[in-house]
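Side chains included, hydrogens not; waters and symmetry mates left out as well; all remaining heavy atoms used.
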Amino acid sequence: MESESEPYVRLASLRQLHQVMADMNTARSLADTLQTVANGVVTALGYELACVNLVRPDGDLVVAAFSGNQAAESLITGRVGSRESWERRLSMGETWGDLVFIPHTEGWVLDDDDVPQWYTDGPAPRFEDEWHPSDRLFAPMYTPGVQGGQCGELIGVLSVDRPRNGRRPGAWGREALQMYAFQAAIAISNARLRSNMQRALVRLEREQQALRASEESFRQAFEYAPSGMAIAEMGGDQHGRILRTNDALCRLLGRPASAMRRYSFSDLVHPEDIGTLLRTSAEGGRAELRLGRRDGTYLWVSLRNSVVADAADGPRFLLTHVEDIEERKRRELQLAHRASHDSLTGLPNSAELRSRLSSRLCQQRSTHTAALESIDSAFGHPAFDANGHGFDFRPVGAEAFDTFDHHVHTVTPEGERDDGTKGLAVLFCDLDGFKSINDRFGHNAGDAVLIEVARRLSQCVRDGDTVARLGGDEFVILADGLGKADAADLAVRLRSEIIQPIRAEGRAVRVGASFGIGWAHCGMTADEVLKSADERMYVEKRSRPKQHRRAG
């Protein structure tokens with residue numbers, strides 16, 4: 001650069017400065033840009049040494065580029081100076097516009113701070129503007145776009161040394177360095193932005209590659225899973241609508257994929273399992289239920305839902321895993337049936353009989369009963385009618401009484417005559433003459449008789465009634481909603497069916513039957529009810545002549 005004492009600047013110097021600035025803005029990376037900035041100070045501004053100190057994210061400044069002396073470059077490049085020390089430097093000395101000049105007479109106080117430096121001592125200046133080796137000149141670089149420069153954010157500092165003409169820069173040289181620092185700040189900011197964008201693009205590309213790989217992995221895992229898989233909508237009017245299914249689910253239900261997309265799971269589930277499905281769909285998790293096949297049959301499956309969430313809109317889809325558990329369910333039902341039913345006749349066994357009977361009986365006064373009795377004393381009205389049913393005489397606003405339990409108490413018809421009261425009849429049946437069949441024809445014949453008696457009893461009762469085998473040749477019938485006359489008629493019909501000839505082991509045999517009719521009511525245990533019916537049966541058996549028992 002020509003001396004500013006001259007009335008003009010050579011055109012070649014301006015061209016050189018213009019080229020350096022162009023190189024700064026076309027560098028391929030941030031590191032190249034920083035080195036171009038340092039080199040431009042040496043090649044275009046007439047200084048022998050130039051250093052670029054760049055502000056790091058933590059605020060300290062690192063020597064990011066050096067030009068003019070390889071020994072100095074290897075010594076201080078990469079070293080860090082604290083922000084505090086740099087702020088001290090930028091607040092000292094003389095200000096030349098945006099530049100800071102610290103003469104050797106003041107700079108000695110900086111020799112021991114932590115800022116990396118390359119200075120040598122020398123003789124005193126021979127004339128007023130001669131450059132001393134310990135003089136320091138800094139050009140701060142601020143973020144562009146802010147009027148006045150220093151109002152912006154500091155991004156780095158250019159440190160220059162040893163002007164080639166040996167003099168402190170004059171007005172033109174100072175202006176040139178200040179403009180150069182401004183342009184360098186723009187180039188560094190742009191390079192940082194490009195670098196950040198490149199890193200973001202690389203990261204985005206990697207994420208997209210990972211996403212594509214994940215989607216492909218999911219597609220293969222979904223399509224080729226050995227058990228059924230489906231994706232269904234979650235929420236809104238289309239909740240549960242099937243969007244996609246794999247081949248395993250289509251084979252399991254016997255439906256093509258195109259047809260599956262016309263359904264929701266609520267269309268396919270067994271009516272009795274719809275509540276289970278809704279709870280599972282709303283909360284995620286798993287459930288065991290029945291799904292309909294194309295041929296109209298139902299298949300037991302284990303259905304496990306996972307909610308696929310969308311970061312912006314919340315839960316969006318249900319990923320459903322469907323596993324065939326038909327065989328396991330069949331075994332479980334068989335085991336449960338064996339535990340609760342007689343292996344010979346298939347009737348409910350003694351334990352199941354007692355369970356069904358106990359479910360109808362409460363062992364103490366219910367909350368409803370106690371509450372009605374308290375109303376009796378409070379309002380002066382009778383709380384129960386003759387059959388034990390509570391009267392509804394609540395005043396307006398007495399909705400609190402709706403909290404009473406809904407158990408319907410089992411009552412007993414009173415007296416010898418039929419007064420119209422309906423109750424739970426317990427018919428205890430004991431076969432007459434059965435032991436002689438076992439003794440004469442063997443146990444196979446006896447088993448055949450028991451099986452046929454069980455069949456005849458089951459055919460003669462209503463769908464809601466229970467026929468159970470208590471053990472041996474004893475049977476019990478639970479028939480709800482009968483009066484005394486109804487129960488007696490039922491016993492006659494059952495006896496008439498039993499005494500008909502039975503084919504056993506190639507011969508016709510006959511057995512009779514004695515019935516005892518007991519009545520269950522709340523407050524009794526199942527054993528007490530059965531004992532009462534058993535005692536009545538023995539009374540009935542003893543009251544009939546022995547020779548007429550088998551024929552009825």
Exercise. Does Asp480 pair with Arg360 as a salt bridge, N-O distance under 4.0 Å?
Worked result: yes
Problem set entry | Check: Ala339 main-chain N/O paired with Asn349 side-chain donor or acceptor under 3.5 Å | yes
Problem set entry | Arg241 side chain to Ser264 side chain, donor-acceptor N/O pair below 3.5 angstrom | no
For this session: Salt-bridge test for Arg330 and Glu326: reply yes if a basic N is under 4.0 Å from a carboxylate O, no otherwise.
Result: yes
For this session: Can you measure from CZ (Arg469) to CZ (Phe475) and round to the nearest 0.5 angstrom?
Result: 6.0 Å
Exercise. Between Asp114 and Gly81, is there a donor-acceptor pair closer than 3.5 Å when you use the side chain of the first and the backbone of the second?
Worked result: no
For this session: Answer yes or no: is there a side-chain heavy-atom contact under 4.5 Å between Arg510 and Ile437?
Result: no
Problem set entry | Residues Glu497, Val453; criterion side-chain contact (heavy atoms from CB on, under 4.5 Å); working and verdict | CA-CA 8 Å; Glu497 283 294 323; Val453 169; over 6 Å; no
Exercise. Can you find a heavy atom in the side chain of Leu204 that is under 4.5 Å from one in the side chain of Gln208?
Worked result: yes
Seminar exercise, completed: Rounded to the nearest 0.5 angstrom, the CD-CG distance for Glu452 and Leu457 is 10.0 Å
For this session: For the pair Arg503 (side chain) and Gly506 (backbone), establish whether a donor and an acceptor sit closer than 3.5 Å, ignoring hydrogens and angles.
Result: yes
Exercise. Between Gln198 and Arg194, does any side-chain donor sit less than 3.5 Å from a side-chain acceptor?
Worked result: no
Exercise. Do the side chain of Asn246 and the main chain of Met229 share a donor and acceptor less than 3.5 angstrom apart?
Worked result: yes
Exercise. So which heavy atom on Ala513 is nearest to which on Ile498, and how close?
Worked result: CB-CD1, 3.8 Å
Seminar exercise, completed: Rounding to 0.5 Å, atoms CZ (Arg356) and CG (Leu361) come to a distance of 14.5 Å
For this session: Would you name the heavy atoms of Gly446 and Phe434 that are closest together and state the gap between them?
Result: O-CE1, 3.3 Å
For this session: Answer yes when Arg286 and Glu323 have at least one side-chain N-carboxylate O distance shorter than 4.0 Å, and no when they do not.
Result: no
Problem set entry | Residues in ring-ring contact (aromatic ring centres under 6.0 Å, His included) contact with Phe222, at least two apart in sequence or another chain | Phe218
Exercise. How long is the gap from CE on Met524 to CG on Leu357, to the nearest 0.5 Å?
Worked result: 8.5 Å
Exercise. Does Val322 reach the side chain of Val301, with side-chain heavy atoms less than 4.5 Å apart?
Worked result: yes
Exercise. Would you say Ile477 and Thr466 make side-chain contact, with heavy atoms under 4.5 Å?
Worked result: no
Problem set entry | Ser355 side chain vs Glu352 backbone, donor-acceptor pair below 3.5 Å | no
Problem set entry | With sequence neighbours excluded, residues passing side chain to side chain contact (heavy atoms under 4.5 Å, CB included) with Glu84 | Ser82
Problem set entry | Inter- and intrachain pairs under ring pair (Phe, Tyr, Trp, His ring centres under 6.0 Å), touching residues 336-358, at least two apart | His337-His341
Exercise. CZ of Arg462: more than 12 outside heavy atoms within 6.0 angstrom?
Worked result: yes
Exercise. Do any N or O atoms from the side chain of Thr143 and from the backbone of Glu153 form a donor-acceptor pair under 3.5 angstrom?
Worked result: yes
Exercise. Under the salt bridge (Lys or Arg N to Asp or Glu O under 4.0 Å) test, which residues partner Glu87, sequence neighbours left out?
Worked result: Arg83
Exercise. Looking at Asp439 and Lys435, does any basic side-chain N land under 4.0 Å from a carboxylate oxygen?
Worked result: yes
Problem set entry | Approximate separation, where rounding is to 0.5 Å, of Leu303 CG and Thr276 OG1 | 10.5 Å
For this session: Kindly compute the distance separating CG (Leu154) from CG (Leu61), expressed to the nearest 0.5 Å.
Result: 6.0 Å
For this session: Sort and list the pairs that fulfil ring pair (Phe, Tyr, Trp, His ring centres under 6.0 Å) and have at least one residue in residues 487-537, not counting sequence neighbours.
Result: none
For this session: With the side chain counted from C-beta on, respond yes when Thr320 and Phe265 share a heavy-atom pair under 4.5 Å apart, and no when they do not.
Result: yes
Exercise. Should Ile502 and Val511 be marked as a side-chain contact (heavy atoms from CB on, under 4.5 Å) after you check the CA-CA gap, both sets of side-chain angles, and the distance that decides it?
Worked result: CA-CA 8 Å; Ile502 298 174; Val511 292; 4.3 Å; yes
Problem set entry | Donor-acceptor under 3.5 Å (Ser532 side chain, Glu528 main chain) | no
Exercise. If you measure from the Lys or Arg side-chain nitrogens to the Asp or Glu carboxylate oxygens, is any gap between Glu288 and Arg328 under 4.0 Å?
Worked result: yes
Exercise. Glu216: what forms a side-chain hydrogen bond (donor to acceptor under 3.5 Å, both in side chains) with it, not counting sequence neighbours?
Worked result: Arg219, Gln220
Exercise. Counting only N and O atoms by type, is there a donor-acceptor contact under 3.5 Å from the side chain of Thr297 to the main-chain atoms of Arg293?
Worked result: no
For this session: Any chance you could lay out the side-chain contact (heavy atoms from CB on, under 4.5 Å) test for Leu201 and Glu205, step after step, and finish with the verdict?
Result: CA-CA 6 Å; Leu201 289 173; Glu205 178 60 25; over 6 Å; no
For this session: Dump the intermediate steps for salt bridge (Lys or Arg N to Asp or Glu O under 4.0 Å) on Arg244 and Glu223, then the final yes or no.
Result: CA-CA 10 Å; Arg244 185 176 175 184; Glu223 292 293 343; 3.2 Å; yes
Problem set entry | Arg212/Glu207 under salt bridge (Lys or Arg N to Asp or Glu O under 4.0 Å): CA gap, chis, key distance, verdict | CA-CA 8 Å; Arg212 288 192 293 268; Glu207 290 174 354; over 6 Å; no
For this session: Ignoring hydrogens and angles, tell me if any N or O in the side chain of Ser214 forms a donor-acceptor pair with the backbone of Ala210 under 3.5 Å.
Result: no
Problem set entry | Within 45° cone and under 6.0 Å: Arg255 NZ/CZ vs Tyr263 ring | yes
For this session: Please step through side-chain contact (heavy atoms from CB on, under 4.5 Å) for the pair Arg192 and Ile155, ending with a clear verdict.
Result: CA-CA 11 Å; Arg192 273 182 165 173; Ile155 63 172; 4.2 Å; yes
For this session: Would you check if the side chain of Ser436 reaches a backbone N or O of Gly433 as a donor-acceptor pair within less than 3.5 Å?
Result: yes
Seminar exercise, completed: On a heavy-atom basis, the closest approach of Cys460 and Leu490 is O-CD1, 4.1 Å
